[in-house]
Amino acid sequence: MSGELNIKDLKLDIKTHDEVTPILRGVNLRVEAGTVQGLAGESGSGKTMTGLTVIGLEPATAVTTGEIWLGDTDLLTITGSSLNAIRGQRVGMVFQDPSTSLHPQLSIGSQLTDHMRYHLKISKAQAREKAIAALDRVGITGGSSALSRYPHEYSGGQRQRIAIAIALACDPELVIMDEPTTALDVTVQAGVLALVRDLVDSLGLTVLFITHDLGVMSAIADRVAVMRRGAVVEEGSCEQIFTDPQHDYTRSLLSSLPGSATGPRTRDDLAHLAEIGAGGES
Amino acid sequence: MSEPVLSVHDVVVDYPGRPPTRAVDGVSFDIHTGEVVGLVGESGCGKSTMARVLTGLLKPNAGTVIYRGEELRPLGLGGRAPDSTGVQMVFQDPGSSLNPRRRIGSQIQDGLDAAKRRLGATDAKDRPQTPQEWLERIGMDPEDAQRYPRSFSGGQRQRIATARALAAAPDVLIGDEPISSLDASTQALIAYVMSTLTIAQGAGMLFISHDLAVVRLIADRLLVMYKGRIVERGPAQKIWADPQHPYTKALLGAIPLPDGAQRMPTVTPPGTSYPLDEIVR
């Protein structure tokens, strides 16, 4: 299993009838196999669009150039039905909100086994067996009875675990996680983060972890790329990004964040931030 | 301490169902002028239900809310009674709480009109009296009054929502998760701006949030809510530095800090339940 991801000069424009809006302006990012690569940035920075483009879910009006290498496959050159062999099998995806990403009217079992049977060409019974193992791996107990239950019978944290199980069911090399803990309470989030770390370490999985929450980033990521206006402005080890940021943007981001080394610690610090007009607003 | 401006006594709220869901289970606290009270807890703990009770949007099943010495009247069909507009609210998502089809100047004017109706001739008038002055006060351009909400960023919209609420000259401002839909780098700043403007106007503030890391910076006192009860209350810095209640400890331990240490937050086993006895600091 390779799992190395290499994004080279990825550009993406959205075309409307008479306008072209650049969304990604040349993203370069190399993700080592078996690591968690964080992708940080504020809303509109292009981090979600980067993740969607890797798995071929960019909007139909998007025009892309560049290269996205997964192992020795350039994902950008693959279109149509050939993409099906990649999506769900070599690359998995976990979205922000499991209450909308899971189908409310389909049982957990069918959501877990449909793509397995398609990709792995296995029997229903084999798929069920694998599904039970997949649920067990993410901490959802109940065995075969869990397969006949529906998403509404589970809490938000459990649903996100189920979504992770679905993404991992076909043993992908790479999983893209877009704000996977943002919709969760902090105590539930802690459990899901621990699960992701455990899966990466035990399965040798590569994860592209997208979040705006730098606290979460600091806990989970091995390396962090900071995005702004459609490009990566800084990339480095988790420790370096948080303790010795090189780019001005990263520095200003951290200095406005409570809990970071340079962040506000008291009300007076906030008063100072307000005075110098920090915060990257507008 | 002075007489509280808003005082909550043993409020209980049940949502209908079989059996009914007890969202708030006997909550009492006071808000004084000039102080910021932080109400923190996770989803389902009853904090937003409390916000709805305090603004009269929801009638509690038991208990009372005393505002300026009188029981707060719940919202009727004809809108809020003029004398209850002294409790104002800033909602979570300024993208939906501001009217997209009205200019922001006219929306701030709504607040000013509410103040006029309630205070009439007794108004001290020591605060901005036009939408333009309010925009200046929140650090924006007076010319912006002519523009629509869509022209502004999330942080700017939340400033506008704050101006609209404060233009009504409230005695108490309630912020229900007012920073959680904003970018991380603006959250602490907007929380500071909101609380500072509120205090400068001589009002008190209840700041409801799940984000303890930000709340503790702006709040004087904290109320930690769990399963419809307040389980710990006291000075914000004291609780942050040294939480006593097992739930507060779990909540604080679960917050990941942006320090680059790759330190996993503490995981509590699912289904852990905590005592409901209150710890007062």
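The figures here come from the full heavy-atom set of this structure, side chains too, leaving out hydrogens, waters and symmetry mates. These numbers come from a predicted model, not from an experiment. Residue numbers begin at 1 in each chain, while the letters A, B, ... track the order of the sequences.
- When A/Thr243, A/Leu214, A/Thr187, A/Leu184 are compared by the number of non-hydrogen pairs under 4.5 Å with chain B, A/Thr187 comes out ahead.
- Residue-environment remark: CZ (A/Arg229) stays at or below the threshold of 12 foreign heavy atoms within 6.0 Å.
- Taking every heavy atom of both residues into account, B/Ala184 and A/Glu42 meet most closely at N-OE1, 3.7 Å.
- Residue A/Ala219 comes nearest to B/Pro265 through the heavy atom pair CB-CD, 3.9 Å, listed as atom of the first residue, atom of the second, then distance.
- Most heavy-atom pairs under 4.5 Å with chain A, from the set B/Gly253, B/Ala188, B/Ala250: that is B/Ala188.
- The contact between A/Gln189 and chain B is made entirely by side chain atoms (from C-beta outward), counting heavy-atom distances below 4.5 Å.
- Taking a 6.0 Å sphere around CZ of B/Arg281, one finds it holds more than 12 heavy atoms contributed by other residues, nucleotides or ligands.
- Checked by atom type and distance alone, the side chain of A/Ser260 never pairs as donor or acceptor with a backbone atom of B/Pro258 at under 3.5 Å.
- In this structure, the separation between CG on A/Leu273 and OG1 on B/Thr186 is 12.0 Å, given to the nearest 0.5 Å.
- Interface residue A/Asp222: backbone and side-chain heavy atoms are both found under 4.5 Å from chain B.
- Using a 4.5 Å cut-off between heavy atoms, A/Ile241 makes no contact with chain B at all.
- Using a 4.5 Å cut-off between heavy atoms, B/Thr266 touches chain A through its backbone atoms (N, CA, C, O) alone.
- Between B/Gln237 and A/Arg267 there is no side-chain heavy-atom pair separated by less than 4.5 Å.
- Listed here is the closest heavy atom pair of A/Val186 and B/Glu42: N-OE2, 3.3 Å.
- With respect to chain B, the highest number of heavy-atom pairs below 4.5 Å among A/Gly139, A/Ala194, A/Ser218, A/Ser155 belongs to A/Ser218.
- Taking OG of B/Ser185 as the reference point, atom CG of A/Leu253 lies at 5.5 Å (rounded to 0.5 Å).
- With a 4.5 angstrom heavy-atom cutoff, A/Ala271 touches chain B via backbone and side-chain atoms both.
- With hydrogens and angles ignored, the 3.5 Å screen pairs no side-chain donor or acceptor of A/Glu239 with any backbone N or O of B/Ala261.
- In terms of heavy-atom proximity, A/Gly259 sits nearest to B/Leu257 at CA-CD2, 4.3 Å.
- With a threshold of 4.5 angstrom between heavy atoms, A/Ser43 approaches chain B through its backbone and through its side chain.
- Here the shortest heavy-atom pairing between B/Ile218 and A/Leu270 reads CG2-CD1, 3.8 Å.
- In this structure the side chain of A/Pro264 reaches within 4.5 angstrom of the side chain of B/Leu217, judged on heavy atoms.
- Of all the heavy atoms in A/Ile220 and B/Gln262, the pair that sits closest is O-NE2, 4.3 Å.
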